[in-house]
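A quick note: this is a predicted structure, and the numbers were derived from the prediction, not measured. Convention: sequence-line order gives letters A, B, ...; per-chain numbering from 1.
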2 protein chains.
Amino acid sequence: MDDIRELKRVLHKENLRYTSQRKAVWDELCSSSDHRDAESIYLALRNSGIRVSRATVYRTIEVLVRHNMVRRLDLGDGRSRYENKLDPKHHDHLICLSCGRIEEFVDPDIEKLQEKVAEKHQFALRKHIHQLFGYCKDCQ
Amino acid sequence: MDDIRELKRVLHKENLRYTSQRKAVWDELCSSSDHRDAESIYLALRNSGIRVSRATVYRTIEVLVRHNMVRRLDLGDGRSRYENKLDPKHHDHLICLSCGRIEEFVDPDIEKLQEKVAEKHQFALRKHIHQLFGYCKDCQ
DNA sequence: GTTTCTATGAGACTCATTCTCATTTAGGGG
DNA sequence: CCCCTAAATGAGAATGAGTCTCATAGAAAC
């Protein structure tokens, strides 16, 4: 991956050091486009022999989220999930209540309507959460 | 409040007993249309002299949510909020990132588009979370 | 290489929520 | 009204995701 450049750029900008652990966490988040929780990232790294602690995984994710390289998702089960956000196309999520499967959707009309709602309420919109919960076609 | 009837009906339907604690939690949730967390409900009841435990507050809310009398909100700060849902008009939320103020919104067009998205993905839609985060007019 | 100052790891800690289990209570007979 | 039994409750222990602490390791500057 050459997205390492992006990581270096961001760390440099904040006067943070480029370390093997920060690289490893970012690589792991780039290696799949899944919705990963912190523990699974921690375990994946440990299992591939990388010496890292949970604290560092959390601390690194924190930095990545702050710099918009990673998006934090809350699926309502008490564990945050993270997805690599370098691929810049915005999307929201459909979540199956039975099997947990996650599908992504984009709807420009909804996006526009959201902006109108915010405007009407005089809110300066920064982000949104839009999640549809139901049963996927295999679970109905 | 005469919504006590609704509580009795639901408890009866599930062969659960009508207790003073369950009544108190439900009353408290009806007494304001706010977005309350479990601790504030617990404290409000204790302060008005009602003998109840945190466990019972949580257990009762669980029943109320299961029976659609209460909606659970997740504002992303690690504490669930609850709102009385007897007043049946559905709404979603605008949340101020600075002062925490919550405004409600309804947009029938968005609701319709959501259904279309679910249909396109062959999901049987059960519920959704739609939250807009930004800065309210006082905080900008 | 030495200095300096940030990053890390291990494990303690926090805090919302859930669980356990001994005790109390609701509610249907008698 | 009282009894009986299963369900509900309270107190506090347990859980689990996430954060904090602090001694040590390692990067960057000199």
**OP:** For DNA chain D, note the earliest and the latest nucleotide, 5' to 3', having some atom under 4.0 Å of a heavy atom belonging to chain B.
**Re:** D/dA6 to D/dA11
Subject >> Polar side-chain contact A/Arg59-C/dG9 base: donor and acceptor under 3.5 Å >> reply: yes
Original post:
Does B/Tyr58 make a side-chain N or O approach to OP1 or OP2 of C/dT17 shorter than 4.0 Å?
Top reply: yes
**OP:** Identify whether A/Leu125 and B/Tyr135 are in the same connected component of the hydrophobic contact network (ILVMFWY, side-chain heavy atoms under 4.5 Å).
**Re:** no
**OP:** Please work out if A/Arg46 contacts a base, only the sugar-phosphate, or nothing of the nucleic acid, heavy-atom cut-off 4.0 Å.
**Re:** sugar-phosphate
Original post:
Between A/Arg51 and B/Asp37, which has a closest nucleotide on DNA chain C that is more 5'?
Top reply: A/Arg51
Original post:
How many Å lie between CD on B/Glu62 and P on C/dT18, as a whole number?
Top reply: 6 Å
Subject >> In one Ile/Leu/Val/Met/Phe/Trp/Tyr side-chain cluster, 4.5 Å: B/Val65, A/Phe133 >> reply: no
**OP:** State plainly whether one hydrophobic cluster holds both A/Leu45 and A/Tyr18, where clusters connect Ile, Leu, Val, Met, Phe, Trp and Tyr through side-chain heavy atoms under 4.5 angstrom apart.
**Re:** yes
Original post:
What's the CD-C1' distance between A/Glu14 and C/dA7, to the nearest Å?
Top reply: 14 Å
Original post:
When the aromatic ring centroids of B/His130 and B/His91 are compared, is their separation below 6.0 Å?
Top reply: no
Original post:
To the nearest Å, how far apart are A/Asp77 CG and C/dT17 C1'?
Top reply: 14 Å
**OP:** Examine the side chains of B/Glu6 and B/His67 and answer whether a donor and an acceptor come within less than 3.5 Å of each other.
**Re:** no
Subject >> DNA chain D-proximal residues of residues 16-26 of chain B, any heavy atom under 4.0 Å >> reply: B/Leu16, B/Arg17, B/Thr19, B/Gln21, B/Arg22
**OP:** Tell me, with the steps shown, if A/His90 and A/His128 meet ring-ring contact (aromatic ring centres under 6.0 Å, His included).
**Re:** CA-CA 11 Å; A/His90 168 72; A/His128 67 263; 4.9 Å; yes
Subject >> Pair A/Arg36-A/Asp34, salt bridge (charged side-chain N to carboxylate O under 4.0 Å, His left out): steps then yes or no >> reply: CA-CA 6 Å; A/Arg36 311 279 305 272; A/Asp34 264 355; 6.0 Å; no
Original post:
Would A/Glu103 and A/Arg101 satisfy salt bridge (charged side-chain N to carboxylate O under 4.0 Å, His left out), going step by step from the backbone distance to the final call?
Top reply: CA-CA 7 Å; A/Glu103 294 190 22; A/Arg101 162 187 189 159; 3.0 Å; yes
